[in-house]
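Read the structure below first, then the notes.
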Protein chains: 2
Amino acid sequence: MSEDVHAAEVTLGRIETEVALLMRLGEATRRGTGTMEHRLLDRAAYVILRHLDAAGPQNVSALAARLNLDGSTVTRQVSALQRDGLISRTPDPADGRGTVISTTAAGLQRMAAVRAARTRLYGDILAAWPEADRETLADMLHRLNEALDARNRRR
Amino acid sequence: MSEDVHAAEVTLGRIETEVALLMRLGEATRRGTGTMEHRLLDRAAYVILRHLDAAGPQNVSALAARLNLDGSTVTRQVSALQRDGLISRTPDPADGRGTVISTTAAGLQRMAAVRAARTRLYGDILAAWPEADRETLADMLHRLNEALDARNRRR
DNA sequence: CCCAGATAGCTGTATGGTACAGGTATTTTT
DNA sequence: AAAAATACCTGTACCATACAGCTATCTGGG
């Protein structure tokens with residue numbers, strides 16, 4: 001029984017290590033990939049466009065809550081995106097304080113290009129993996145994200 | 001056959017999405033966890049201490065290469081760690097230009113405390129997961145990191 | 001053996017992403 | 001209608017990082 005406890009701790013330690021490593025490697029990969037698609041859209045902008053595409057137009061607060069970001073951060077990101085013509089702001093008809101953020105056609109197109117480039121990148125990185133393993137990876141990552149999100153949202 | 005290709009692209013897209021999401025969530029979790037263990041050691045410091053612990057004393061260049069960081073970044077991180085008494089610098093006896101970085105007892109202890117806190121955190125996040133799934137997750141993350149690392153190192 | 005080039009590390013400077021505090025306009029609650 | 005809450009924006013600050021340029025040292029071909 002103490003062996004079970006020990007095994008569980010070892011596994012958690014491994015997960016902790018690998019997530020920390022992935023954060024670093026992901027960052028390094030993102031930087032190193034540059035020059036083509038990375039210059040087109042920085043990470044935050046990409047995530048915002050992805051979310052707008054998936055969940056539809058919404059105001060700054062909703063975006064901030066969903067992305068676990070401070071409202072001021074989203075305000076600035078959105079301003080930059082607007083400057084580049086990738087999103088548009090319109091007053092919220094239902095709330096005079098609010099501003100609804102929507103993607104523009106250019107934003108969607110840019111996002112799709114970056115997404116395609118990133119997908120290609122993963123195809124390269126995982127070239128040697130059988131499809132079944134890739135699916136397992138995708139499933140595990142998805143479940144991990146759900147668990148992380150639930151935990152963040154809980155507090 | 002075209003179905004296989006399509007399935008593969010869908011999977012890669014999922015992986016791309018989930019990794020991007022994990023980067024954001026991991027960041028949010030790290031920030032949100034704060035106040036206890038996170039203030040003790042920022043992310044870069046933690047990774048450096050982990051690596052020194054695992055791979056032994058080494059100079060700044062070796063650390064930078066291994067962690068995919070610029071030398072100047074490591075220099076600054078190491079300076080901060082030294083200021084806090086968590087690592088020590090000694091001249092490299094075999095190379096007058098070099099400086100060997102080693103963990104101190106305090107550094108190891110701090111690192112272990114942070115590690116324990118983070119492991120506990122993952123235990124919390126993955127509380128509902130059976131051990132077998134956790135092991136699968138750990139395996140998949142490990143293999144993903146290997147693949148990422150290989151790809152980064154290749155260029 | 002010596003100098004040219006490489007390397008190790010440090011410092012100056014710049015950028016990006018983020019948070020927090022505070023301000024204003026608007027909505028909701030009482 | 002006043003008070004409280006909310007939405008957004010702006011000022012400011014911090015951290016992690018990169019790149020360029022500097023000095024000190026090492027190394028290999030003449």
Side-chain angles (χ1 to χ4, degrees), chain A residues 20 23-35 38-49 57-84 87-101 152, chain B residues 20 23-35 38-49 57-84 87-101 152:
Chain A
M23 301 287 286
R24 272 246 30 84
L25 282 171
E27 191 64 23
T29 303
R30 191 180 66 84
R31 286 181 198 279
T33 300
T35 346
H38 146 247
R39 295 293 172 215
L40 292 179
L41 215 50
D42 58 43
R43 181 175 43 164
Y46 180 61
V47 177
I48 289 176
L49 284 176
Q58 56 202 280
N59 60 31
V60 174
S61 308
L63 272 174
R66 194 53 167 68
L67 303 176
N68 274 297
L69 289 172
D70 191 84
S72 66
T73 300
V74 175
T75 291
R76 282 177 240 267
Q77 303 284 8
V78 161
S79 300
L81 284 166
Q82 186 182 32
R83 171 177 37 75
D84 297 344
I87 61 96
S88 65
R89 278 177 162 116
T90 52
D92 187 338
D95 185 338
R97 298 164 300 179
T99 321
V100 177
I101 314 299
N152 282 342
Chain B
M23 300 288 284
R24 271 247 31 83
L25 282 171
E27 190 64 23
T29 304
R30 191 180 66 85
R31 286 180 199 279
T33 302
T35 346
H38 146 248
R39 294 292 173 216
L40 292 179
L41 215 50
D42 58 42
R43 180 175 44 163
Y46 179 62
V47 178
I48 288 176
L49 283 176
Q58 55 201 280
N59 59 32
V60 174
S61 308
L63 272 174
R66 194 54 169 66
L67 303 176
N68 273 299
L69 289 173
D70 191 84
S72 66
T73 300
V74 175
T75 291
R76 283 176 237 267
Q77 303 285 7
V78 161
S79 299
L81 284 166
Q82 186 182 32
R83 170 178 39 73
D84 297 344
I87 59 96
S88 65
R89 278 178 163 116
T90 53
D92 187 338
D95 186 338
R97 296 164 301 179
T99 321
V100 178
I101 314 299
N152 281 342

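Numbered from 1 within each chain, the chains take letters A, B, ... in sequence-line order. Note that the structure is predicted; figures quoted are calculated from it, not measured.
Nearest heavy atoms, A/Val78 versus A/Leu63: CG2-CD1, 4.4 Å. Residues A/Val100 and A/Pro57 come closest through the heavy atom pair CG1-CB, 3.7 Å. For A/Ala45 against A/Leu81, the heavy-atom pair with the smallest separation is CB-CD2, 3.6 Å.
Atom-to-atom, CZ of A/Arg76 to P of C/dG16 comes out at 14 Å; the value is rounded to the nearest Å. Going from atom OH of B/Tyr46 over to atom P of D/dA16 covers 15 Å, rounded to whole Å. Atom CG of B/Asn59 is separated from atom P of C/dG9 by 4 Å (rounded to the nearest Å). As a whole-Å value, the separation of A/Leu63 CG from C/dT18 P is 13 Å. Atom CG in A/Leu81 sits about 13 Å away from atom P in D/dC9, given to the nearest Å. C/dG16 atom P lies 15 Å from atom CD1 of A/Ile48, rounded to whole Å. Across the protein-nucleic acid pair, B/Met23 atom CE and D/dT17 atom C1' stand 13 Å apart, rounded to whole Å.
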Q | Protein proximity profile, nucleotides 22-29 of chain D - base contact B, sugar-phosphate-only contact S, no contact -, cut-off 4.0 Å on heavy atoms | A | --BBS---

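Listed pair B/Gln77 / D/dT17 meets the phosphate criterion, a side-chain N or O lying under 4.0 Å from OP1 or OP2. The side chain of A/Thr75 contributes no N or O atom lying less than 4.0 Å from OP1 or OP2 of D/dC8. An OP1 or OP2 oxygen of C/dC10 is reached within less than 4.0 angstrom by a side-chain nitrogen or oxygen of B/Arg89. Taking 4.0 angstrom as the limit, A/Ser61 places a side-chain polar atom (N or O) nearer than this to OP1 or OP2 of D/dC8.
Taking the side-chain hydrogen bond (donor to acceptor under 3.5 Å, both in side chains) definition, one finds that B/Arg97 meets it with B/Asp95, sequence neighbours left out. The side-chain hydrogen bond (donor to acceptor under 3.5 Å, both in side chains) test applied to B/Thr90 returns no partner, not counting sequence neighbours. The side-chain hydrogen bond (donor to acceptor under 3.5 Å, both in side chains) check on B/Thr73 picks up nothing, with sequence neighbours excluded.
In this structure, CE on A/Met23 lies 9.0 Å from CG on B/Leu25, to the nearest 0.5 angstrom. To the nearest 0.5 angstrom, A/Ile48 atom CD1 is 7.0 Å from A/Leu69 atom CG. Rounding to the nearest 0.5 angstrom, the gap separating the OG atom in A/Ser72 from the CD atom in A/Gln77 is 10.0 Å. Interatomic distance, CG of A/Leu49 versus CD1 of A/Ile87, reported as 8.5 Å (0.5 Å rounding).
Of the residues in residues 66-74 of chain B, B/Ser72 come within less than 4.0 Å of DNA chain C through at least one heavy atom, sorted by number.
Between A/Arg89 and A/Ile101, the closest side-chain pair of non-hydrogen atoms falls below 4.5 Å.
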Q: Return one dot-bracket line describing DNA chain D 5' to 3' (Watson-Crick or G-U wobble pairs, both distances under 3.5 Å; ( ) same strand, [ ] crossing, | another strand, . none).
A: ||||||||||||||||||||||||||||||

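Nearer to the 5' terminus of DNA chain D, by closest-nucleotide assignment, is the contact made by A/Val78 (compared with the other of A/Val78 and A/Arg24).
Using a 4.0 Å heavy-atom cutoff across all strands shown, A/Asp92 reaches no nucleic acid atom at all.
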